[in-house]
*Asks:* 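Structure below; questions to follow.
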Amino acid sequence: MAIVDLSVPVETGMPVYPGDPEVSTGPTLTVARDGVNVLGLHLGSHSGTHVDAPRHIDDALPALDELPLERFCGPAVVVDVRGLPPRAPIGPEPFGDVGAGVIVLVATGWSQWWGSARYTEHPYLTEEAAELLIERGVRTVGIDAFSVDPTPAADFPAHRALLGAHAVIAENLTGLDRLLAEAGPIEVFLLPLRLPGADGAPVRAVARVGARVGARVGAEVGARVGRRVG
């Protein structure tokens, strides 16, 4: 069994989605002066590796703390779409074998550009792809890029399709290539900070590879758990 970190580090000056608050970290208390170390943090709810709650796009939709914890952990499949050109749309075709009861992780390979200008040129989900995932019963989708929509964007059709169905979206994942290289079933944990009324929150995203998945998954889903679709 292996534990794989899928999170980017939170640090001063890290990349943020255009228009989001800049991130800064630094000591507010120190052992030398105060007897203890306490780090001060300034960041937005969508900084670094994070999840979007439905409220991100509509005040009438559920906030982060109104969602079941099952949205944030469970068996996963990795959909391999690496090799696409910059700003390429990802249509429904790669998701043909995806079914209900799993977290879908979209591996674009774009995490290799984290920290560079090219990171904004990532591939993105089309509205049709997002709608197909909802039709298949998927309620958690992650991607190793700034957004499931283009960056920047004048409209957010993939967000609307997913979040409008009370799904959650994980963005700025990293390390999905490692999951593609591993054998065995995959469980993913995307547990956010407990922020009442929040539209999203940073997460420490991790995957457990080769672990026995929970009995609730069932035989009909177990055959798909950890499958590399692509």
*Asks:* If every non-hydrogen atom of P86 is compared with every non-hydrogen atom of R118, which pair is closest and at what distance?
*Replies:* CG-NH2, 3.6 Å
*Asks:* Below 4.5 Å, heavy atoms only, C-beta onward: do T140 and L190 meet side chain to side chain?
*Replies:* yes
*Asks:* Going hydrophobic residue to hydrophobic residue with side-chain gaps under 4.5 angstrom, can you get from Y124 over to V104?
*Replies:* no
*Asks:* Side chains of V23 and V16: closer than 4.5 Å at any heavy-atom pair?
*Replies:* yes
*Asks:* Is it true that D144 and T108 share a donor-acceptor pair across their side chains at a distance under 3.5 Å?
*Replies:* yes
*Asks:* In terms of hydrophobic clusters joined by side-chain contacts under 4.5 Å, are V206 and I186 together?
*Replies:* no
*Asks:* Are L64 and L43 joined in one hydrophobic group, where the rule is that I, L, V, M, F, W and Y side chains link up if heavy atoms are under 4.5 Å apart?
*Replies:* no
*Asks:* Quick check for you: to the nearest 0.5 Å, what is the distance between E187 atom CD and R208 atom CZ?
*Replies:* 4.5 Å
*Asks:* Could you tell me the separation between the CD atom of E135 and the CZ atom of F95, rounded to the nearest 0.5 Å?
*Replies:* 13.0 Å
*Asks:* What heavy-atom pair brings A53 and L67 nearest, and what distance separates the two atoms?
*Replies:* CB-CD1, 4.3 Å
*Asks:* Under 4.0 Å between a side-chain nitrogen and a carboxylate oxygen: does that hold for R55 and E66?
*Replies:* yes
*Asks:* Testing the basics here: between L39 and P27, what is the closest heavy-atom pair and its distance to 0.1 Å?
*Replies:* CD1-N, 3.9 Å
*Asks:* Any heavy-atom pair between the side chains of V209 and I3 that's under 4.5 Å?
*Replies:* no
*Asks:* Is the backbone of E11 close enough, under 3.5 Å, to the side chain of T25 for a donor and an acceptor to pair up by distance?
*Replies:* no
*Asks:* Would you say the side chain of H42 lies within less than 4.5 Å of the side chain of P21, judging by non-hydrogen atoms?
*Replies:* yes
*Asks:* Strictly distance-based, threshold 3.5 Å: is any side-chain N or O of S7 a donor or acceptor partner for the main-chain N or O of A205?
*Replies:* yes
*Asks:* Does any part of the side chain of P202, heavy atoms only, come nearer than 4.5 Å to the side chain of L193, both counted from C-beta?
*Replies:* yes
*Asks:* Locate the shortest heavy-atom distance separating V51 from A170; write the atom from each residue and the value.
*Replies:* CG1-CB, 4.1 Å
*Asks:* Under 3.5 Å, side chain of T151 to main-chain N/O of F146, donor-acceptor pair present?
*Replies:* no
*Asks:* Which residues satisfy the side chain to side chain donor-acceptor pair (under 3.5 Å) test with Y119, sequence neighbours excluded?
*Replies:* N172
*Asks:* Looking at every heavy atom in both G74 and I103, which two are closest together, and how far apart are they?
*Replies:* N-CD1, 3.7 Å
*Asks:* Hey, what do you get for CG (D34) to OG1 (T28), rounding to the nearest 0.5 Å?
*Replies:* 8.0 Å
*Asks:* Provide the full list of side chain to side chain donor-acceptor pair (under 3.5 Å) pairs with a residue in residues 188-205, sequence neighbours left out, each pair given once.
*Replies:* D5-R204, S45-D199, H46-D199
*Asks:* Rounded to the nearest 0.5 Å, what's the gap from OG on S147 to NE2 on H122? Could you check?
*Replies:* 5.5 Å
*Asks:* What donor-acceptor contacts under 3.5 angstrom involve side-chain atoms of residues 156-163, with partners at least two apart or in another chain?
*Replies:*
| residue | atom | partner | partner atom | Å |
| --- | --- | --- | --- | --- |
| H159 | ND1 | D149 | OD2 | 2.6 |
| H159 | NE2 | D52 | OD2 | 3.0 |
| H159 | NE2 | E171 | OE2 | 3.2 |
| R160 | NH1 | D155 | OD1 | 2.4 |
| R160 | NH1 | D155 | OD2 | 3.2 |

*Asks:* Could you give the distance from CG (L176) to OG (S111), rounded to the nearest 0.5 Å?
*Replies:* 6.5 Å
*Asks:* Which heavy atom of A167 sits nearest to which heavy atom of P54, and what is that distance?
*Replies:* O-CG, 3.6 Å
*Asks:* I want to check something: taking the side chain as every heavy atom from C-beta on, are P89 and L125 in contact at a cut-off of under 4.5 Å?
*Replies:* no
*Asks:* Is there a side chain to side chain contact (heavy atoms under 4.5 Å, CB included) between I90 and L84 once you walk through the steps?
*Replies:* CA-CA 9 Å; I90 305 168; L84 291 174; 3.7 Å; yes
*Asks:* Please tell me whether I57 and I134 are part of a single hydrophobic cluster in this structure, the criterion being side-chain heavy atoms less than 4.5 Å apart.
*Replies:* yes
*Asks:* Are W110 and I143 connected in the hydrophobic side-chain network, where two residues link if heavy atoms are under 4.5 Å apart?
*Replies:* no
*Asks:* Say you draw a straight line from CG of L191 to CZ of R71; how long is it, rounded to the nearest 0.5 Å?
*Replies:* 14.0 Å
*Asks:* Should E121 and W113 be marked as a side chain to side chain contact (heavy atoms under 4.5 Å, CB included) after you check the CA-CA gap, both sets of side-chain angles, and the distance that decides it?
*Replies:* CA-CA 9 Å; E121 301 174 355; W113 305 112; over 6 Å; no
*Asks:* State, with a plain yes or no, whether a side-chain heavy atom of R139 is found less than 4.5 Å away from one of V168.
*Replies:* no
*Asks:* For the residue pair V79 and L105, establish whether any side-chain heavy-atom pair is separated by less than 4.5 Å.
*Replies:* no
